[in-house]
Amino acid sequence: MKIVSIVGARPQFIKCAPLSQELRKRHEEILVHTGQHYDPEMSGLFFEELRIPHPAYNLGVGSGTHGWQTGEMLKRVEGVLLQEEPEMVIVYGDTNSTLAGALAAAKLHVPIAHVEAGLRSFDRRMPEEINRVLTDHLSALLLCPTETALLNLKREGITEGVHLSGDVMVDALLQHHRHALEQARILERLGLHEREYLVLTLHRPSNTDSRDRLLGILRAIGDAKRKVVFPVHPRTAVRMKEYGPSEKLRGEIITTAPLGYLEMLRLLSGAEKCLTDSGGVQKEAYILGIPCITLRDSTEWVETLADGWNVLAGTDRARILEAIAAPPPAGERRPLFGGEGAARRMAEAIDRFLSSRA
Ligand code: UD1
Ligand code: UDP
């Protein structure tokens, strides 16, 4: 069967890698890159490292306001779907590429499989929350990473086509972790020693698009007087430049360009703790057993909070400093995200769905 998979942003490249491998055993997969992320270190590097097949289409949409970006993607994805006439469209996560892909497919009556369905932060000011809710309500096959996701869908009346598949990012991590430890040289390159540094990532508009908030977070972290490695997302880099070179980073914050997946996994694996507003990094930290301080007031990965391995510190200076100084959590970690094999389980659910319609 012909399946169009739509990706566009960094975390989607990582999520599609294991599933693409499974799908291509039995189906013709047409990979479409919307062009939402386009810098080599936000896009091409992941295709190389994760050996993702070259996209059949790169729609080259690029950056813009939400309406413009989503609208351009909608138009261009529609063109691809009209030309390819697939039996199914797969979308990943919660970005504008996800929503545009789902909407284009739904309008053409092509069934949609949503990978990472059912997540909710219950914060509608997050653009991702709007993308998630709408995509779930358009999808025929809802591939949930967690039990909580299943319950969220049930609460919204979505009970058909729902599968607890586990999280495909676990497959990506397990496939590449050993390789990352053996090959990535980031610790040597930056002169770091295991457990003697923190990792910081920041890119949510709520943190980056306010001068006071972004500089407040960086000041608080700098004042912890710890070595901090900060691979800077391009959105954040633009803002940091705008907010003024006079604001020198305090403490020992080492900034780098966005890292490839292997270097990022290596860096995270050796860290004492991480501070992040990323969805994916919260999960990876949990799986790797690295205490996580989430610089947000809510998270869609609520399970990680239960046993102290993840704490919501928001952007409050005192809470951030307290979380950095806190002893490591004593609680056991549980296999929250379904263990290895999510990609296989997803491919099986897709096969069953397609053969039931054939
Ligand atoms: C997007 C997703 C977010 C996801 C994140 C992953 C939406 C609404 N947001 O946020 O859910 O967590 O990707 O990283 O879809 N830029 C570059 N080069 C690039 C890409 C972006 O310079 O290759 C800069 C541009 O100035 C752009 C800004 O980053 O305006 C934001 O990019 P965009 O893709 O709109 O949103 P992200 O913040 O990356
Ligand atoms: N990541 C990476 N290099 C970086 C920062 C993050 O490879 O410099 C990886 C990270 O390990 C995780 C994914 O990108 O697998 C998370 O993507 P991001 O934080 O951009 O988006 P989110 O998960 O918040 O949507």
Side-chain angles (χ1 to χ4, degrees), residues 7-18 33-46 49-50 60-70 72-73 91-101 116 119 121 125-132 134-135 145 167-173 176-177 180 184 186 199-209 229-242 255-269 271 274 276-285 287-288 290 292 294-296 299-301:
V7 293
R10 173 168 70 188
Q12 295 169 328
F13 308 140
I14 297 163
K15 289 166 200 170
C16 89
H33 187 327
T34 62
Q36 177 168 355
H37 285 172
Y38 43 85
D39 289 343
E41 67 266 27
M42 293 297 288
S43 174
L45 184 52
F46 293 87
E49 281 190 339
L50 296 155
V61 170
S63 306
T65 61
H66 285 278
W68 181 88
Q69 189 183 52
T70 312
E72 278 304 311
M73 290 175 186
V91 294
Y92 292 84
D94 52 20
T95 72
N96 288 347
S97 297
T98 316
L99 176 61
E116 227 176 58
L119 296 183
S121 66
R125 286 164 311 163
M126 279 182 85
E128 293 80 7
E129 185 75 353
I130 296 165
N131 294 340
R132 289 177 195 128
L134 294 175
T135 302
D167 197 316
V168 78
M169 281 184 89
V170 175
D171 285 345
L173 189 150
H176 295 280
H177 188 224
I186 177 127
V199 176
L200 167 64
T201 82
L202 269 179
H203 70 277
R204 296 279 157 226
S206 56
N207 285 335
T208 61
D209 295 6
V229 186
F230 180 19
V232 186
H233 186 286
R235 169 189 286 282
T236 316
V238 170
R239 293 302 185 213
M240 283 168 68
K241 214 166 161 192
E242 201 178 303
T255 58
T256 73
L259 300 175
Y261 186 58
L262 296 181
E263 286 207 322
M264 184 65 193
L265 279 188
R266 178 67 192 97
L267 187 69
L268 204 52
S269 303
C274 79
T276 193
D277 59 13
S278 158
V281 174
Q282 287 177 64
K283 278 188 284 184
E284 287 165 348
I287 297 164
L288 294 169
I290 308 301
C292 183
T294 295
L295 303 168
R296 288 168 45 183
T299 178
E300 53 285 4
W301 301 105

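Every number for a ligand or one of its atoms is a count from 1 in the order of the listing.
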Enquirer: Heavy atoms only: which of R10, R204, H37 lies closest to atom 13 (O) of ligand 1?
Expert: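 Heavy atom nearest to atom 13 (O) of ligand 1 belongs to H37.
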
Enquirer: I need the contact type for S278 against ligand 1. Using non-hydrogen atoms and a strict under-4.0 Å cut-off, is it side chain, backbone, both or neither?
Expert: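 Neither; nothing of S278 gets under 4.0 Å from ligand 1.
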
Enquirer: Among all protein heavy atoms, pick the one closest to atom 6 (C) of ligand 1 and tell me residue, atom and distance.
Expert: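 For atom 6 (C) of ligand 1, the nearest protein heavy atom is P11 CD, 3.5 Å.
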
Enquirer: Taking the side chain as C-beta and beyond, is there a heavy-atom pair between Q12 and E116 under 4.5 Å?
Expert: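 No; the side chains remain at least 4.5 Å from each other.
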
Enquirer: Determine yes or no for a side-chain-to-main-chain donor-acceptor pair under 3.5 angstrom, with D39 supplying the side chain and E41 the backbone.
Expert: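 Side chain of D39 to backbone of E41: no pair is present.
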
Enquirer: Taking the inter-plane angle between the rings of F46 and F13 on a 0 to 90° scale, is it parallel (under 30°), tilted (30 to 60°) or perpendicular (over 60°)?
Expert: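 Plane angle between 30° and 60°, so tilted.
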
Enquirer: Looking only at protein heavy atoms, which one is nearest to atom 23 (O) of ligand 2, and what is the separation?
Expert: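 Result for atom 23 (O) of ligand 2: G280 N, 2.8 Å.
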
Enquirer: Would you say the side chain of H177 lies within less than 4.5 Å of the side chain of S269, judging by non-hydrogen atoms?
Expert: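 Side-chain contact under 4.5 Å: yes.
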
Enquirer: Could you tell me, atom by atom, which parts of ligand 2 come under 4.0 Å of a heavy atom of P231?
Expert: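 Selected atoms, number and element: 8 (O).
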
Enquirer: Work out whether the distance between some heavy atom of M169 and some atom of ligand 2 is less than 4.0 Å.
Expert: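 A heavy atom of M169 does come that close to ligand 2.
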
Enquirer: I need the nearest protein heavy-atom contact for atom 4 (C) of ligand 2: residue, atom name and distance, please.
Expert: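 Atom 4 (C) of ligand 2 sits closest to the protein heavy atom R10 NH1, 3.2 Å.
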
Enquirer: What I want to know is whether N96 and ligand 1 share at least one N or O pair that is separated by under 3.5 angstrom.
Expert: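 Between N96 and ligand 1 (N or O atoms, distance only) the closest approach is under 3.5 Å.
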
Enquirer: Tell me the contacting part of H203 for ligand 2: side chain, backbone, both, or neither, using a 4.0 Å heavy-atom threshold, strictly below.
Expert: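 Just the side chain.
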
Enquirer: Hey, is E284 touching ligand 2 through its side chain, its backbone, both or neither, going by heavy atoms under 4.0 Å?
Expert: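 The side chain, only.
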
Enquirer: For residues E128 and R204, determine if any side-chain heavy atom of one lies less than 4.5 Å from a side-chain heavy atom of the other.
Expert: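 The answer is yes; the side chains approach within 4.5 Å.
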
Enquirer: Show the atoms of ligand 1 that are less than 4.0 angstrom away from any heavy atom in H203.
Expert: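 Checking each atom against H203, I get 4 (C), 5 (C), 6 (C), 12 (O).
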
Enquirer: Would you mind running through ligand 1 and noting each atom that sits below 4.0 Å from a heavy atom of H233?
Expert: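 Matching atoms, with element in brackets: 14 (O), 37 (P), 38 (O), 39 (O).
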
Enquirer: Return yes if some donor-acceptor pair links the side-chain N/O of T70 with the main-chain N/O of H66 below 3.5 Å, else return no.
Expert: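 The answer is yes, because a donor-acceptor pair under 3.5 Å joins these two groups.
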
Enquirer: Between S278 and ligand 2, find which residue part has any heavy-atom pair under 4.0 Å and reply side chain, backbone, both or neither.
Expert: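 For S278, the contact with ligand 2 is made by both the backbone and the side chain.
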
Enquirer: To the nearest 0.5 Å, tell me how far R235 CZ sits from N207 CG.
Expert: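 Going from the CZ atom of R235 to the CG atom of N207 covers 11.0 Å.
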
Enquirer: Give me the residue, atom name and distance of the protein heavy atom closest to atom 1 (N) of ligand 2.
Expert: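 In this structure, atom 1 (N) of ligand 2 has M264 CG, 3.6 Å as its nearest protein heavy atom.
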
Enquirer: Can you tell me the protein heavy atom closest to atom 21 (O) of ligand 2 and the distance?
Expert: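 It is P11 CG, 3.5 Å.
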
Enquirer: Is a side-chain donor-acceptor pair under 3.5 Å present for S63 with Y38?
Expert: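 Their side chains do contain a donor-acceptor pair, which is all the 3.5 Å distance test asks for.
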
Enquirer: Counting from 1, what ligand 2 atoms have a heavy atom of G279 closer than 4.0 Å?
Expert: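 Under 4.0 Å from G279, ligand 2 has these atoms: 22 (P), 23 (O), 24 (O).
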
Enquirer: Enter the distance from C274:SG to E284:CD here, rounded to the nearest 0.5 Å.
Expert: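 Separation between the atoms: 9.0 Å.
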
Enquirer: Please report the C-alpha distance between R266 and E263 in whole Å, then the side-chain angles of each, then the deciding distance to 0.1 Å, and finally whether the salt bridge (charged side-chain N to carboxylate O under 4.0 Å, His left out) criterion is met.
Expert: CA-CA 5 Å; R266 178 67 192 97; E263 286 207 322; over 6 Å; no

Enquirer: Tell me which one of P234, S63, A100 gets a heavy atom nearest to atom 25 (C) of ligand 1.
Expert: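 Ranked by closest heavy atom to atom 25 (C) of ligand 1, first place is S63.
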
Enquirer: Return the residue, atom name and 0.1 Å-rounded distance of the protein heavy atom closest to atom 35 (O) of ligand 1.
Expert: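 Looking only at protein heavy atoms, the one closest to atom 35 (O) of ligand 1 is Q69 NE2, 3.8 Å.
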
Enquirer: Test your reading of the model: is there a side-chain donor-acceptor pair from E49 to the backbone of Y261, 3.5 Å cut-off?
Expert: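 Here the side-chain-to-backbone pair exists.
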
Enquirer: Tell me the protein heavy atom at minimum distance from atom 9 (C) of ligand 2, and give that distance in Å.
Expert: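 Sorting protein heavy atoms by distance from atom 9 (C) of ligand 2 puts I14 CD1, 3.9 Å first.
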
Enquirer: Run the numbers for me: atoms of ligand 2, each under 4.0 Å from some heavy atom of P258, listed by number.
Expert: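 With P258 as reference, the close atoms of ligand 2 come out as 8 (O).
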
Enquirer: Within the distance-only criterion (no hydrogens, no angle test), does the side chain of E129 pair as donor or acceptor with the backbone N or O of R125 below 3.5 angstrom?
Expert: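 Not confirmed, E129 side chain does not pair with R125 backbone.
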
Enquirer: Going by heavy atoms in the side chains, are V61 and Q36 under 4.5 Å from each other?
Expert: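 Heavy-atom side-chain distance check fails, nothing below 4.5 Å.
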
Enquirer: For Y261, counting its heavy atoms only, list the atoms of ligand 2 lying under 4.0 Å from any of them.
Expert: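 What qualifies from ligand 2 is 7 (O), 15 (O).
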
Enquirer: Below 4.0 angstrom from a heavy atom of E128, which ligand 1 atoms are there? Numbered from 1 as shown, please.
Expert: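 Checking each atom against E128, I get 3 (C), 9 (N), 11 (O).
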
Enquirer: Would you say N131 and ligand 1 have an N/O pair spaced under 3.5 Å apart?
Expert: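 In this structure, N131 places no N or O atom under 3.5 Å from an N or O of ligand 1.
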
Enquirer: What's the shortest distance from atom 26 (O) of ligand 1 to any protein heavy atom, and which residue and atom give it?
Expert: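 The closest heavy atom on the protein side is V238 CG2, 3.9 Å.
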
Enquirer: Which residue holds the protein heavy atom closest to atom 8 (O) of ligand 2, what is that atom called, and what is the gap in Å?
Expert: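 The closest one turns out to be L259 N, 2.8 Å.
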
Enquirer: Taking heavy atoms and a distance under 4.0 Å, where does R204 meet ligand 2: side chain, backbone, both or neither?
Expert: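 Only the side chain of R204 comes within reach of ligand 2.
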
Enquirer: Just checking, is any N or O donor in the side chain of T201 or T276 under 3.5 Å from an acceptor N or O on the other one?
Expert: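 Side chains of T201 and T276: pair found under 3.5 Å.
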
Enquirer: Under 4.0 Å, counting heavy atoms only: does G260 come that close to any atom of ligand 2?
Expert: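 Contact present.
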
Enquirer: How far is atom 18 (N) of ligand 1 from its nearest protein heavy atom, and which residue and atom name does that atom have?
Expert: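 Nearest neighbour among protein heavy atoms for atom 18 (N) of ligand 1, to 0.1 Å: D39 OD2, 2.8 Å.
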
Enquirer: What's the shortest distance from atom 7 (C) of ligand 1 to any protein heavy atom, and which residue and atom give it?
Expert: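 Among all protein heavy atoms, the one nearest atom 7 (C) of ligand 1 is Q36 NE2, 3.6 Å.
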
Enquirer: Before signing off on this row, confirm whether H66 and ligand 1 have an N or O atom pair separated by under 3.5 Å.
Expert: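 Such a contact does not occur with ligand 1.
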
Enquirer: Between L259 and L45, what is the shortest heavy-atom contact and its length?
Expert: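 Answer, listing the atom of L259 first, then L45: C-CD2, 4.4 Å.
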
Enquirer: Determine whether a donor-acceptor pair (N or O, by modelled atom type, separation under 3.5 Å) exists between the side chain of T299 and the backbone of W301.
Expert: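 Yes; judged by distance alone, with no hydrogens or angles, the pair exists.
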
Enquirer: Is M264 close to R10 at the side-chain level, that is, under 4.5 Å between some pair of heavy atoms?
Expert: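 R10 vs M264: side chains apart.
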
Enquirer: So which of R235, M73, Q12 gets nearest to atom 38 (O) of ligand 1, if we judge by its closest heavy atom?
Expert: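 Looking at heavy atoms only, the winner is R235.
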
Enquirer: Give, for atom CG of L267 and atom CG of L262, the distance between the pair rounded to the nearest 0.5 Å.
Expert: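 These two atoms lie 12.5 Å from each other.
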
